[in-house]
Amino acid sequence: MKLAIVGSTGLVGSEILKVLDERNFKYDQLMLVASPKSVGKIISYKGKDYTVIGMEDAVTAKPDIAIFSAGGGTSLEWAPKFAEVGTIVIDNSSAWRMDPTKKLIVPEINAASIGTEDKIIANPNCSTIQMVLALGPLHKKYGIKRVVVSTYQSVTGTGKAAVDQLYGERNGEDHEKVYPHTIDMNVLPHIDVFQENGYTKEEMKMINETKKILEDDSIQVTATCVRLPVMGGHSESVNVEFNNDFDLKEVIKILAATPGIVIEDDPANNIYPMPLNAHNKDEVFVGRLRLDESNPKALNMWIVADNLRKGAATNAVQIAQYIAEHNLVH
């Protein structure tokens, strides 16, 4: 098993290495790959020093699996080159997600759809992953008619420069500005670029990816995505309207039995999901489960997960594990 991590020096790349170690992912050769400015850099990992290599060298080495976390432009250019030499690419960017010929995978929901012919597999948007993990089993049981989601997203979703901006503002230092406004002590209803319809690209990702993963274009989804000056994870307020009647106790039972979900729902004791507690954890935490008083077929819930973990690195490594365990590497 030859494994390549493309974008190994970034926030998500570093997290992928951490998750590979924690999950004891078996490989014979590890290649750490990055952009030209990082080539030659030494990364110490599990007691061994690795020299970062460039894309050409990585393709020539023909890895079995390459986990990409290097941005959409890089992925569009290089993923097909890796695929051509037989590498299975698991891509964290948005480049391939809505390509009808590419699978969009959350392992707990649709890993079984991966076949030997799939050479480029898309990892969904971080906000989408945590939401669909909770929606998937409920859609199967009750049929989802409509979803209204508002997100409260960590600055880590933008990368290291955003974290530096936040801490810089907090400490009164000058840092590169990656947001159009101050982020500390502020809330920005603006993630990614605005589209012609008034939604941001992030909001449209959640809308389109949810339908693709759940394989149902009839589900109506609307989203408002918001950036907060927090670390540790993304939070989401989700209102779900079902086609069929549901029972709240049964909903909680279904979610509690879903792999990867932890119920934290005891308001009387101030227990509910928070990014502070989700940080560095792989699970998706669900709480504040309650009936929608304005609609007998609707439910409110609060969903929190570490966006660098299940929202990116963990999901990608889980896909790689599924591929390895089911002998899909050829």
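FYI, the numbering just counts along the sequence from 1. Keep in mind the model is a prediction, meaning the values are calculated, not measured.
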Next on the checklist: Just to verify, what does Phe246 make a ring pair (Phe, Tyr, Trp, His ring centres under 6.0 Å) with, not counting sequence neighbours?
Outcome noted: Phe242

Checklist entry - Would you call Lys103 and Glu117 a salt bridge, taking side-chain N to carboxylate O under 4.0 Å as the test? => result yes

Item to check | Flag, side chain of Arg290 to backbone of Arg288, donor-acceptor distance under 3.5 Å | outcome: yes

Checklist entry - Taking the inter-plane angle between the rings of Phe194 and His190 on a 0 to 90° scale, is it parallel (under 30°), tilted (30 to 60°) or perpendicular (over 60°)? => result tilted

Checklist entry - Does anything in residues 242-256 pair up under side chain to side chain donor-acceptor pair (under 3.5 Å), and if so which pairs, sequence neighbours excluded? => result Tyr142-Glu250

Checklist entry - Any salt bridge between Lys102 and Asp118, counting N to O under 4.0 Å? => result no

Checklist entry - Backbone N or O of Val89 within a donor-acceptor pair of the Thr87 side chain at under 3.5 Å? => result no

Item to check | Lys297 bridged to Glu241 by N-O distance under 4.0 Å | outcome: no

Checklist entry - If we ignore angles and hydrogens, is there a donor and acceptor under 3.5 Å between the side chains of Asp184 and Thr182? => result no

Checklist entry - Is the distance between the ring centroids of Tyr152 and Trp302 under 6.0 Å? => result yes

Checklist entry - How would you list, by chain and number, every residue that makes a ring pair (Phe, Tyr, Trp, His ring centres under 6.0 Å) with Tyr167, sequence neighbours excluded? => result none

Checklist entry - Any side-chain donor-acceptor pair under 3.5 Å between Ser94 and Asn125? => result no

Checklist outcome for this item: Sequence neighbours excluded, the answer for ring pair (Phe, Tyr, Trp, His ring centres under 6.0 Å) partners of Phe285 is none

Next on the checklist: Using a strict threshold of under 4.0 Å (side-chain N to carboxylate O), is an ion pair present between Arg309 and Glu22?
Outcome noted: yes

Checklist entry - Would a distance-only check, ignoring hydrogens and angles, find a side-chain to backbone donor-acceptor pair under 3.5 Å from Gln130 to His234? => result yes

Item to check | Derivation of the side chain to side chain donor-acceptor pair (under 3.5 Å) call for Asp91 and Asn123 | outcome: CA-CA 6 Å; Asp91 183 47; Asn123 213 30; over 6 Å; no

Item to check | Qualifying residues under side-chain contact (heavy atoms from CB on, under 4.5 Å), relative to Ser14, sequence neighbours excluded | outcome: none

Next on the checklist: Which residues pass the salt bridge (Lys or Arg N to Asp or Glu O under 4.0 Å) test with Arg23, not counting sequence neighbours?
Outcome noted: Asp282

Next on the checklist: Would you say Thr200 and Glu202 are linked by a side-chain donor-acceptor pair, where the criterion is simply a distance under 3.5 Å?
Outcome noted: no

Item to check | Heavy-atom side-chain proximity of Pro124 to Asn315 below 4.5 angstrom | outcome: yes

Checklist entry - Residues two or more places apart in sequence or in another chain: which of them pass salt bridge (Lys or Arg N to Asp or Glu O under 4.0 Å) with Glu283? => result none

Checklist outcome for this item: Tightest non-hydrogen contact, residues Ala111 and Ile105, listed as CA-CG2, 4.2 Å

Checklist entry - Would Glu169 and Lys177 pass as an ion pair if we require N to O under 4.0 Å? => result yes

Next on the checklist: I'd like to know if Glu108 and Lys310 make a salt bridge, using a cut-off of under 4.0 Å between side-chain N and carboxylate O.
Outcome noted: yes

Checklist entry - What pairs with Asp216 under salt bridge (Lys or Arg N to Asp or Glu O under 4.0 Å), at least two apart in sequence or on another chain? => result none

Item to check | Set of side-chain contact (heavy atoms from CB on, under 4.5 Å) partners for Thr116, sequence neighbours left out | outcome: Leu328, His330

Checklist entry - In terms of hydrophobic clusters joined by side-chain contacts under 4.5 Å, are Val12 and Val6 together? => result no

Next on the checklist: Hydrogens and angles aside, do Asn269 and Asp266 bring a side-chain donor and acceptor to less than 3.5 Å of each other?
Outcome noted: yes

Checklist entry - Mind checking what makes side-chain contact (heavy atoms from CB on, under 4.5 Å) contact with Ala34, not counting sequence neighbours? => result Ser8, Thr9, Ser38, Val52

Checklist entry - For Tyr199, which residues count as a ring pair (Phe, Tyr, Trp, His ring centres under 6.0 Å) partner, sequence neighbours excluded? => result none

Item to check | Residues which pass salt bridge (Lys or Arg N to Asp or Glu O under 4.0 Å) with Lys211, listed by chain and number, not counting sequence neighbours | outcome: none

